[in-house]
Amino acid sequence: MKNTTEQFIATNKANLEAFTSLTSQAFAGVEKLVELNLATSKTALADSLSQAKDVLGAKDAQELVALQSDLLKPLADKSAAYAEQIKTILTDSSAEFKKAVEAKTTEAQKAFSDAVENLTKNAPAGTESAVAAFKSALTAGQNAIESAQAQAQKALETAQSNFTAATAQTVNAAKKASKKA
């Protein structure tokens, strides 16, 4: 019985370490998004100031119209690059997170199964049917977890597909708008 207790303690420690690692990965993804947004904001501010100086320096209406049309052309490319960087950060972060969760889930399931197996070996005589029912419930629980993981993966793939489609639509709309200007 002491061995089982030690196994549970070791499993809990491993799970805490895994949680710490996953939290660090999540924060790393958020940090990348914050850095991207700060860099994008700085660039947008610098571009805006430069464009304002150019507009204020326009000598006639024709030059002003030309400057305005030139302002929209790089917007589509910058928007597409920004969206692609966000997609890359999200995809990389979710892939790392998914890999770590799957590894820890498999590890935890094995440790729990080993502990249950150890308990069932030491079960008193006459409890075979209760042990069988417990094992059956454990198997059903593991199947439910695997099903939930599959559904979560499908949801993630759908979200990524929707994000890609939305990005493409935004880029196309920005390109059409810059052509009209």
Side-chain angles (χ1 to χ4, degrees), residues 1-41 76 78-175:
M1 189 60 108
K2 183 177 180 185
N3 189 24
T4 302
T5 304
E6 289 172 358
Q7 285 176 331
F8 278 120
I9 291 170
T11 299
N12 285 333
K13 283 182 180 178
N15 288 339
L16 180 61
E17 289 172 6
F19 177 73
T20 302
S21 173
L22 291 174
T23 303
S24 295
Q25 287 178 358
F27 277 117
V30 170
E31 285 175 350
K32 288 178 185 176
L33 285 173
V34 168
E35 288 171 3
L36 174 63
N37 286 331
L38 284 173
T40 302
S41 296
K78 288 179 182 180
S79 296
Y82 176 75
E84 188 62 35
Q85 288 174 322
I86 288 177
K87 179 184 170 194
T88 300
I89 291 170
L90 294 176
T91 301
D92 291 349
S93 295
S94 65
E96 291 173 18
F97 194 78
K98 179 184 168 228
K99 209 183 315 178
V101 167
E102 285 176 351
K104 281 300 170 187
T105 300
T106 301
E107 207 175 285
Q109 285 175 340
K110 175 154 177 29
F112 188 69
S113 295
D114 290 348
V116 169
E117 191 64 36
N118 191 15
L119 282 172
T120 57
K121 286 179 184 176
N122 298 321
T127 60
E128 290 82 12
S129 61
V131 168
F134 182 73
K135 281 185 174 182
S136 176
L138 178 63
T139 302
Q142 287 176 335
N143 290 341
I145 289 171
E146 290 170 5
S147 176
Q149 286 175 334
Q151 292 299 321
Q153 177 62 29
K154 286 180 186 176
L156 179 62
E157 290 169 359
T158 300
Q160 287 177 336
S161 174
N162 290 342
F163 182 77
T164 301
T167 301
Q169 288 176 348
T170 302
V171 169
N172 288 337
K175 285 182 180 179

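Taking each heavy atom of Leu36 and Gln85 in turn, the nearest pair found is CD1-OE1, 2.9 Å. Ser93 approaches Gly29 most closely through the heavy-atom pair OG-CA, 3.5 Å.
Under the 3.5 Å distance criterion, the side-chain polar atoms of Ser147 are left unmatched by any main-chain donor or acceptor of Asn143. Counting only distance, with no hydrogens or angles, the side chain of Thr88 and the backbone of Glu84 share a donor-acceptor pair below 3.5 Å.
Atom CD of Glu35 and atom CD1 of Ile89 lie 8.0 Å apart (nearest 0.5 Å). Interatomic distance, Lys32 NZ to Asn37 CG, rounded to the nearest 0.5 Å: 14.5 Å. To the nearest 0.5 Å, atoms CG (Leu90) and NZ (Lys87) are separated by 10.5 Å. For the atom pair OG1 (Thr40) and CG (Leu33), the distance works out to 10.5 Å, reported to the nearest 0.5 Å.
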